[in-house]
Amino acid sequence: MRRSSGLPVIGQIPRRSRLHPESDNGAIAAYEEAVGNLVALAGGDMRTHIVIPASDGAIDDDAITGLLEAQRLIGATACVVDTREAHVTGHGHTLNEVLDGGSISDGEDGHAVFVADEPLSLDTLVSELPDVVAAMHEEFDVVVVICEPGASALIEQLMAPGAGVIINVRHNATSATDLVAVTTRLRVMGIRPVGVVMLHTGTKSLGSIAESWRVSDRDPALAGAGDSHARAD
């Protein structure tokens with residue numbers, strides 16, 4: 001991973017076991033490590049997570065469950081906005097409703113997954129979504145926005161203070177070429193990703209990955225005191 005992209009691995013979202021639910025203990029440990037590593041790399045002030053899948057299948061419903069569960073474990077509320085046409089399963093109000101001024105909260109903090117039920121143009125997302133994300137921060141500690149790698153204008157508009165980019169890859173599916181292409185595109189845009197999250201890692205492959213980091217992995221533009229963004233109230 002490091003050899004391909006030059007980026008640290010933030011963490012792993014393991015493949016969920018249908019046959020052995022007791023193995024979810026390993027998944028919980030993986031979620032806790034991932035969110036802890038993210039704070040260590042980017043600081044506690046990164047509240048907008050711009051997640052970019054490096055290939056098809058690098059974001060799915062299991063990944064969303066893992067992202068939300070990881071935040072819940074540290075006491076943070078989170079929501080997900082999937083801007084892609086081939087989006088994950090939504091939960092709560094649609095993205096169209098929210099962009100039209102509809103309510104953001106549905107009374108189930110930590111479970112909101114906003115997706116479009118009717119296609120939205122990139123121009124609409126670029127012009128309207130940043131303000132909506134700012135409003136979402138009034139309801140949620142963390143807002144995760146999933147963007148296509150080619151949605152450069154949207155990614156640039158979302159790169160406000162407190163935002164950082166995470167690249168998702170799928171274990172044994174995303175190629176090194178896919179990862180390098182996305183990383184290179186971002187660097188041409190002047191964006192340094194925080195790191196990479198690996199999806200569908202087998203439980204036997206789970207383990208601490210922080211020992212492979214370098215001092216230069218911590219981005220001084222993002223890293224603060226390292227405190228959690230979870231609310232104290």
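Residues C147 and I50 approach most closely at SG-CG2, 4.1 Å, considering heavy atoms. Heavy atoms only, all atoms of each residue included: V98 and S103 are closest at CG2-O, 3.7 Å.
Note that the CG atom of N37 and the CD1 atom of I10 stand 8.0 Å from one another [nearest 0.5 Å]. Rounding to the nearest 0.5 Å gives a distance of 4.0 Å between CE of M198 and CD of Q12. Rounding to the nearest 0.5 angstrom, the gap separating the CD atom in E148 from the CG atom in D82 is 8.0 Å. Atoms CD and CZ, from E97 and F114 in turn, are 9.5 Å apart once rounded to the nearest 0.5 Å. Summarising the geometry, atom CD belonging to E128 is positioned 8.5 Å from atom OG belonging to S121; distances are rounded to the nearest 0.5 Å. Residue L179 holds its CG atom at 8.0 Å from OG1 of T174, rounded to the nearest 0.5 Å.
Not a single donor-acceptor pair under 3.5 Å links the side chain of H49 to the backbone N or O of V142. In this structure, the side chain of D141 engages the main chain of T77 through a donor-acceptor pair within 3.5 Å. A donor-acceptor pair is defined here as one N or O able to donate and one able to accept, closer than 3.5 Å; no such pair exists between the side chain of D100 and the backbone of G102. In this structure a side-chain-to-backbone donor-acceptor pair under 3.5 Å is present from R47 to F140.
Contact check for C79 versus E139: no side-chain heavy atoms found under the 4.5 Å cut-off. Using a 4.5 Å heavy-atom threshold, the side chains of T183 and R187 count as touching. With a 4.5 Å cut-off on side-chain heavy atoms, V144 and Q71 do not count as touching. I166 is listed as a side-chain neighbour of M46, based on a closest heavy-atom distance under 4.5 Å. Here the side chains of T89 and V113 are not in contact, with every heavy-atom distance at 4.5 Å or above. Between R84 and I59 there is a side-chain heavy-atom pair separated by less than 4.5 Å.
Partner of T83 under the side-chain contact (heavy atoms from CB on, under 4.5 Å) criterion, chosen from I155, L158, L122, L129: L129. With I167 as the partner, the side-chain contact (heavy atoms from CB on, under 4.5 Å) test is satisfied by one option alone out of L186, D178, V51, V194: L186. If you run side-chain contact (heavy atoms from CB on, under 4.5 Å) between L95 and each of V115, D117, L125, only L125 comes through.
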Check the pair T48 / H137 against side chain to side chain contact (heavy atoms under 4.5 Å, CB included), numbers first and verdict last. CA-CA 9 Å; T48 302; H137 281 303; 2.8 Å; yes
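Heavy-atom neighbours of D61 CG from other residues, nucleotides or ligands within 6.0 Å: above the threshold of 12.
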